[in-house]
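See below for the structure under consideration.
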There are 2 protein chains.
Amino acid sequence: MTIREVAKHAGVSVATVSAVINDNKYVSDELKHKVLQAIKELNYRPNRWAKSLATGKGYTIAYIVPDITNPIFSRITKGIQGVANEKNYSVILCSTNFDSPTRRRYVDWILEMRVDGVVFTGRHGRESLTEITRLQDAAIPVVTALAPSDVTDMDRVLLDDRESSRLAVRFLKESQCQRIAFVGVRQSTTSKERYRGYSDEIADYCPEQVAYGEDFTWDDGYQAAQQLTKNGALFDGVFAASDIMALGVIACLKEHGRDVPEDVQIMGFDNTYAQWSGQGFASMSIPAFEIGVKAAQMLFDRISEIEIPGMQELFMASLAVPRVRPSLNPNLNLNLKE
Amino acid sequence: MTIREVAKHAGVSVATVSAVINDNKYVSDELKHKVLQAIKELNYRPNRWAKSLATGKGYTIAYIVPDITNPIFSRITKGIQGVANEKNYSVILCSTNFDSPTRRRYVDWILEMRVDGVVFTGRHGRESLTEITRLQDAAIPVVTALAPSDVTDMDRVLLDDRESSRLAVRFLKESQCQRIAFVGVRQSTTSKERYRGYSDEIADYCPEQVAYGEDFTWDDGYQAAQQLTKNGALFDGVFAASDIMALGVIACLKEHGRDVPEDVQIMGFDNTYAQWSGQGFASMSIPAFEIGVKAAQMLFDRISEIEIPGMQELFMASLAVPRVRPSLNPNLNLNLKE
DNA sequence: GGACTGCAGCTAACCGGTTAGCCAGGAAAT
DNA sequence: ATTTCCTGGCTAACCGGTTAGCTGCAGTCC
């Protein structure tokens with residue numbers, strides 16, 4: 001079913017049909033009606049490929065993400081998706097599994113698909129930077145989301161991990177914790193920032209006590225807690241760089257006979273589990289959906305406007321207090337709904 | 001940068017360049033070399049749109065999913081993604097947020113994008129069936145994944161919720177539970193199947209005790225448990241239709257002073273939280289990644305082979321015992337790694 | 001030597017849209 | 001009455017690939 005068949009059926013020219021479809025030229029009501037009629041009768045749908053080829057616009061953006069399985073990232077995806085669809089763009093998903101060759105292949109691909117823009121999420125090592133540069137060299141707009149880096153002239157939306165972490169630690173302080181420890185991930189930029197916030201906030205308050213794992217996992221949290229206790233550290237509060245690590249920490253502490261939250265209070269980060277785990281620990285909620293929305297909006301700004309200086313947007317995480325017995329403490333429950 | 005420029009640069013015809021790129025015709029080594037040289041020098045990349053227009057193949061599949069944020073669905077996505085990429089297909093993501101109009105718009109869209117195939121996940125109500133039919137009418141292959149329905153002549157991959165649930169309940173029985181209750185979701189087909197398994201297994205064992213919520217949420221789990229206790233039901237085991245509901249149940253029971261797992265043993269389903277929550281409850285692990293892989297494979301089978309009868313694939317969930325203290329019980333820990 | 005065969009490589013049409021530029025015919029101006 | 005202007009609608013070229021079918025040359029056979 002092509003536009004020419006529709007034209008023939010309606011007794012008009014292809015230009016007229018095209019004008020009706022795109023509503024970008026005046027067409028008399030009579031012809032317009034005929035054309036619409038013909039389209040309906042033939043159940044015609046314009047061919048996206050032909051349109052893209054002719055106009056040079058693909059109405060597609062790509063989202064490059066290390067792991068779609070990560071709840072934070074899938075919420076970002078949702079945000080991007082929403083904005084894109086509103087503008088009639090489709091989003092193609094590129095989940096790289098933290099693998100550089102895969103990431104490289106995706107970029108090759110994006111290049112030949114003539115995608116209109118890319119949102120990029122993930123660790124921002126040297127090689128990711130190369131990929132981003134390749135995209136930009138091909139004049140494809142890129143916005144990074146949650147991908148901290150030193151490159152400042154890039155459109156990006158970030159989370160203020162440092163400041164958010166100060167809020168987290170401040171909450172522990174306000175909850176009567178005297179000695180607060182930090183559990184993080186050695187090589188992670190994100191974890192480093194969260195440590196910074198911890199360090200800032202703890203400075204004139206108590207000595208630093210820190211333990212690291214290699215990755216944001218339950219096991220690494222468990223092991224880090226093991227280290228802390230093994231070193232005979234005294235603490236009544238732990239700030240962990242992620243919820244899943246916090247759960248590892250809690251498991252370890254309980255094994256050592258320390259009650260949570262009675263003996264030790266725990267603070268997580270990202271609020272992926274805290275709210276639901278029933279372990280009574282607080283966390284920092286990352287506005288991931290909003291971050292996705294913002295990133296997509298910035299991307300579309302870039303796509304339409306030609307030259308705007310490197311935009312930047314900073315989000316804060318918000319405190320999520322553990323769910324409590326709804327009946328006993330109804331007022332605390334108000335804004336904790338997912 | 002077009003194929004014609006490359007041809008000119010290399011001093012050959014466009015047909016030759018095309019043949020080299022697609023490696024589908026014999027070309028002398030000399031010319032092949034010249035062409036590859038030219039491609040490299042000009043940094044040429046074939047245009048996907050033109051290719052698709054000419055060949056009628058888009059190398060794209062779509063994944064329609066109610067909510068990408070659901071961990072099970074995002075794992076399915078990952079599986080699909082992997083298979084598709086291997087075959088040089090891209091996958092465009094359509095997260096409908098359980099909204100029919102949105103779903104409808106996606107299908108319109110898929111139709112005009114001439115996508116090669118669709119994987120469909122989600123509740124399988126009447127309207128989703130309409131959408132699927134629309135796709136099939138346009139000769140677009142569809143495979144449903146985790147979308148139970150009465151339509152049997154459709155390619156689909158399913159989870160055997162009933163049989164898996166029997167395994168779940170059997171585990172509770174083997175753990176010395178005498179009276180096992182079920183907590184489910186009233187309108188859900190999935191929940192209904194899980195109830196069936198429960199019912200099968202409990203038949204000659206103990207009386208049925210059942211409570212329902214309206215959705216798979218923490219609150220609904222909590223409320224259902226409330227009901228159970230209010231009705232004065234006696235139970236020492238609860239099988240919940242999902243982990244998040246199980247967590248709601250646990251919270252409620254603890255408020256009533258019942259210890260988990262000492263007084264009451266809990267069984268979840270989907271293993272999204274059980275493993276990590278530290279609440280010591282078991283769950284049934286859904287092989288979501290594998291389901292995604294299988295669905296994609298079936299879709300590609302359909303795309304290449306013209307006529308194969310309605311294929312069907314049934315997966316089972318597997319028992320995931322709660323994580324225990326690694327040091328104390330190392331052997332149980334073996335196959336529980338994520 | 002001429003006819004025939006095989007095949008590397010070329011030309012040009014085609015996929016299905018968009019759109020610059022042209023044309024026809026009615027209205028307004030002279 | 002003629003010229004000019006305006007504009008709705010049309011024709012045809014173009015986007016950048018693929019590919020059917022042709023060309024011309026070298027080798028083979030009678």
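Please read all numbers here as calculations on a predicted model, not as lab measurements.
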What is the distance from [atom1] of [X] to [atom2] of [N], rounded to the nearest Å?
X: K57(A); N: dT19(C); atom1: NZ; atom2: C1'; answer: 17 Å
X: R45(B); N: dC15(D); atom1: CZ; atom2: P; answer: 21 Å
X: R48(B); N: dG17(D); atom1: CZ; atom2: P; answer: 13 Å
X: E30(A); N: dG8(D); atom1: CD; atom2: P; answer: 14 Å
X: L53(A); N: dG17(D); atom1: CG; atom2: C1'; answer: 8 Å
X: H33(A); N: dG8(D); atom1: NE2; atom2: P; answer: 20 Å
X: N24(B); N: dG9(C); atom1: CG; atom2: P; answer: 14 Å
X: N47(A); N: dC15(C); atom1: CG; atom2: P; answer: 12 Å

Nearest heavy atoms of D270(B) and T272(B), plus distance in Å:
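Closest approach of D270(B) to T272(B): OD1-OG1, 2.8 Å.
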Using a 3.5 Å distance criterion without hydrogens, assess whether the side chain of D161(A) forms a donor-acceptor pair with backbone atoms of T190(A).
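No: the side chain of D161(A) does not pair with the backbone of T190(A).
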Just by modelled atom types, is the I68(B) backbone N or O under 3.5 Å from a matching donor or acceptor in the S95(B) side chain?
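Here the side-chain-to-backbone pair exists.
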Contacts under 3.5 Å, N or O only, protein and nucleotides 10-12 of chain C:
residue: dC10(C); atom: OP2; partner: S13(B); partner atom: N; Å: 3.0
residue: dC10(C); atom: OP2; partner: S13(B); partner atom: OG; Å: 2.8
residue: dC10(C); atom: OP2; partner: T16(B); partner atom: OG1; Å: 2.3

May I ask you to verify if any side-chain N or O of [X] is less than 4.0 angstrom from the OP1 or OP2 atom of [N]?
X: Y44(A); N: dG17(C); value: yes
X: S18(A); N: dT18(C); value: yes
X: T55(B); N: dC15(C); value: no

Can you measure from [atom1] ([X]) to [atom2] ([Y]) and round to the nearest 0.5 angstrom?
X: C94(B); Y: R105(B); atom1: SG; atom2: CZ; result: 10.5 Å
X: N43(B); Y: L111(A); atom1: CG; atom2: CG; result: 8.0 Å
X: L129(A); Y: R134(A); atom1: CG; atom2: CZ; result: 13.0 Å

Taking atom CD as the centre, does Q187(A) end up with more than 12 heavy-atom neighbours from other residues, nucleotides or ligands that are less than 6.0 angstrom away?
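Not more than 12 within 6.0 Å, no.
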Counting the benzene-type ring for Trp, do Y63(A) and F120(A) have ring centres under 6.0 Å apart?
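Between F120(A) and Y63(A), which both carry aromatic rings, the centre distance is not below 6.0 Å.
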To 10°, what angle do the rotation axes through the five end pairs on each side of the helix from dG1(C)-dC30(D) to dT30(C)-dA1(D) form?
60°
When you match V27(B) and A54(B) each to their closest nucleotide on DNA chain C, which lands nearer the 5' end?
V27(B)
Tell me, with the steps shown, if M298(A) and R156(A) meet side chain to side chain contact (heavy atoms under 4.5 Å, CB included).
CA-CA 8 Å; M298(A) 279 172 60; R156(A) 53 184 183 172; 5.6 Å; no
Checking side-chain polar atoms at under 3.5 Å, does K57(A) have a donor or acceptor matched by the opposite partner on Y89(A)?
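Per modelled atom types, K57(A) and Y89(A) side chains form a pair under 3.5 Å.
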Among side-chain atoms of S13(B) and T16(B), is any donor-acceptor pair under 3.5 angstrom?
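Yes, a side-chain donor-acceptor pair sits under 3.5 Å.
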I would like to know whether L93(A) and T77(B) meet side chain to side chain contact (heavy atoms under 4.5 Å, CB included); could you show each step before the answer?
CA-CA 9 Å; L93(A) 186 67; T77(B) 310; 3.6 Å; yes
Nucleotide-resolved protein contact map, nucleotides 22-28 of chain D, B/S/- at heavy-atom distance under 4.0 Å:
-------
